[in-house]
Amino acid sequence: MKLGILERILPPPEKKFYSLFEDGAGICAETAKLYHQIINSDEAYQEDHLIQAKTLKRMSSNISKENLALLNASFITPIDREDIQLISSLLSRISKSIVKSCINLKIYNIDHYNGFMKKQSETLLKATEELKNVITLLKKGPSLKEVTECHHRMKEIENHGDEILYQATQELYSGAHDALHVLKMRDIYKNIENALDICSAISDEIVNIVLKHD
């Protein structure tokens, strides 16, 4: 049965899964925007940034809990139960990874944001926007062609992120930095890369879902 047809005939509570996915993807995009704002600001790290980061993390966690509660209470689901749980979990992990980097910028007292960090933040923005697109497609009941095109764009973004991480890591271990700085920056880079990888993993999962229902 096509996803679009299935979504139209489901009772209202079961349709809410798609809305929760969209809410989760929206939080991912907001955390990416916050990180980008911090990295590209000419001002010093603001206390308000820390408050925003923690608020977004709490919102993401609440959406994940609501999704799980709805899943436990639902007899009929629009897609397989394990797929719902996986997507919900991955969306939460994206937000947590980005928020962790936002918070660690403050904890690690990093006051200079280099070109690699700025490139990563730009790539992260693109990935989370594409994530919103592919989640919306899932709700719509896409053709395999539509979701594949979106998936290819996500893979290009992921590959670009991999290249940035490679260059950043190479520079980090060039011998120009002390050991403590290396540890701090490696953690920041890796958390953002993790978020990019999970965006791609969700895209992979949605392709698999569409293939099962096509």
**Study point:** Nearest atoms (heavy-atom pairs only) where Arg186 meets Leu172
**Key:**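 Smallest heavy-atom distance, with atoms named: N-CD2, 3.7 Å.
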
Point to revise | Minimum heavy-atom distance Ser60-Ser92, with the two atoms named | key: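 Nearest pair, atom of Ser60 first, then Ser92: OG-CA, 3.5 Å.
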
So, do [X] and [Y] sit near enough that their side-chain heavy atoms are less than 4.5 Å apart?
{"X": "Val210", "Y": "Thr148", "result": "no"}
{"X": "Ile94", "Y": "Leu131", "result": "yes"}
{"X": "Ile27", "Y": "Leu91", "result": "no"}

Check ion pair [X]-[Y] (N to O, under 4.0 angstrom):
{"X": "Lys33", "Y": "Glu30", "value": "yes"}
{"X": "Lys145", "Y": "Glu149", "value": "yes"}
{"X": "Glu129", "Y": "Lys132", "value": "yes"}
{"X": "Glu122", "Y": "Lys119", "value": "no"}

[atom1]/[X] to [atom2]/[Y] distance, rounded to the nearest 0.5 angstrom?
{"X": "Leu86", "Y": "Ile206", "atom1": "CG", "atom2": "CD1", "answer": "10.0 Å"}
{"X": "Thr128", "Y": "Met154", "atom1": "OG1", "atom2": "CE", "answer": "8.5 Å"}
{"X": "His151", "Y": "Asn208", "atom1": "NE2", "atom2": "CG", "answer": "8.0 Å"}
{"X": "Met117", "Y": "Leu124", "atom1": "CE", "atom2": "CG", "answer": "12.0 Å"}
{"X": "Asp23", "Y": "Tyr18", "atom1": "CG", "atom2": "OH", "answer": "15.0 Å"}
{"X": "Leu71", "Y": "Leu20", "atom1": "CG", "atom2": "CG", "answer": "11.0 Å"}

Side-chain heavy atoms under 4.5 angstrom apart, residues restricted to Ile, Leu, Val, Met, Phe, Trp, Tyr: same cluster for [X] and [Y]?
{"X": "Ile135", "Y": "Val207", "answer": "yes"}
{"X": "Ile103", "Y": "Ile110", "answer": "yes"}
{"X": "Ile107", "Y": "Tyr35", "answer": "yes"}
{"X": "Leu125", "Y": "Ile38", "answer": "no"}
{"X": "Met185", "Y": "Ile164", "answer": "no"}

With distance as the sole test, does [X] use its side chain to make a donor-acceptor pair with the main-chain N or O of [Y] at under 3.5 Å?
{"X": "Asp178", "Y": "Leu180", "value": "yes"}
{"X": "Thr31", "Y": "Cys28", "value": "yes"}
{"X": "Ser64", "Y": "Ser61", "value": "no"}
{"X": "Ser74", "Y": "Leu70", "value": "yes"}
{"X": "Thr169", "Y": "Leu165", "value": "yes"}

**Study point:** Any side-chain donor near an acceptor of the partner, Glu66 and Asn62, under 3.5 Å
**Key:**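 No donor-acceptor contact under 3.5 Å links the two side chains.
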
Review point. Does one side chain, of Glu171 or Gln167, offer a donor that lies under 3.5 Å from an acceptor on the other?
Key: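 Result is no, nothing qualifies.
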
Practice item. Tell me, please, which residues at least two apart from His152 pass ring pair (Phe, Tyr, Trp, His ring centres under 6.0 Å). Key: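 Ring pair (Phe, Tyr, Trp, His ring centres under 6.0 Å) check on His152 returns nothing, list empty.
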
Practice item. Please identify each residue that fulfils ring pair (Phe, Tyr, Trp, His ring centres under 6.0 Å) with His49, with sequence neighbours left out. Key: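 For His49, the residues satisfying ring pair (Phe, Tyr, Trp, His ring centres under 6.0 Å) (neighbours in sequence not counted) are Tyr45.
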
Exercise for review: Return the set of residues passing salt bridge (charged side-chain N to carboxylate O under 4.0 Å, His left out) with Glu193 (not counting sequence neighbours), or none when no residue passes.
Suggested key: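 Scan of Glu193 (salt bridge (charged side-chain N to carboxylate O under 4.0 Å, His left out), adjacent residues dropped) gives none.
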
Point to revise | side-chain contact (heavy atoms from CB on, under 4.5 Å) between Thr136 and Lys139, intermediate numbers included | key: CA-CA 5 Å; Thr136 299; Lys139 179 178 181 179; 5.6 Å; no

Check your understanding: Taking it one step at a time, do Phe116 and Gln120 satisfy side-chain contact (heavy atoms from CB on, under 4.5 Å)?
Key -> CA-CA 6 Å; Phe116 297 117; Gln120 262 197 330; 6.0 Å; no

Check your understanding: For Lys155, does the NZ atom sit with more than 12 other heavy atoms under 6.0 Å from it, leaving out its own atoms?
Key ->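 Correct, the count exceeds 12.
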
Check your understanding: Would Phe17 and Ile87 count as a side-chain contact (heavy atoms from CB on, under 4.5 Å) if you check the C-alpha gap in whole Å, the side-chain angles of each, and the deciding distance to 0.1 Å?
Key -> CA-CA 10 Å; Phe17 286 112; Ile87 292 174; over 6 Å; no

Practice item. From the options Asp197, Thr123, Leu196, select the one residue that forms a side chain to side chain contact (heavy atoms under 4.5 Å, CB included) with Glu158. Key: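 Passing option: Asp197.
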
Exercise for review: Could you check Val147, Asp80, Leu138 and say which one makes a side chain to side chain contact (heavy atoms under 4.5 Å, CB included) with Ile209?
Suggested key: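 Single pass found, and it is Leu138.
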
Check your understanding: Can you name the residues that form a side-chain contact (heavy atoms from CB on, under 4.5 Å) with Asn159, not counting sequence neighbours?
Key ->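 With neighbours one apart ignored, the set is Asp162.
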
Exercise for review: Name all residues meeting the side-chain contact (heavy atoms from CB on, under 4.5 Å) criterion together with Ile51; count only those two or more places apart in sequence or in a different chain, and write none if there are none.
Suggested key: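 In terms of side-chain contact (heavy atoms from CB on, under 4.5 Å), with neighbours along the sequence ignored, Ile51 is linked to Thr55.
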
Exercise for review: With sequence neighbours excluded, give me every side chain to side chain donor-acceptor pair (under 3.5 Å) pair touching residues 101-113.
Suggested key: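 Of all non-adjacent pairs touching residues 101-113, those that pass side chain to side chain donor-acceptor pair (under 3.5 Å) are Asn104-Asp187, Tyr108-Asp187.
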
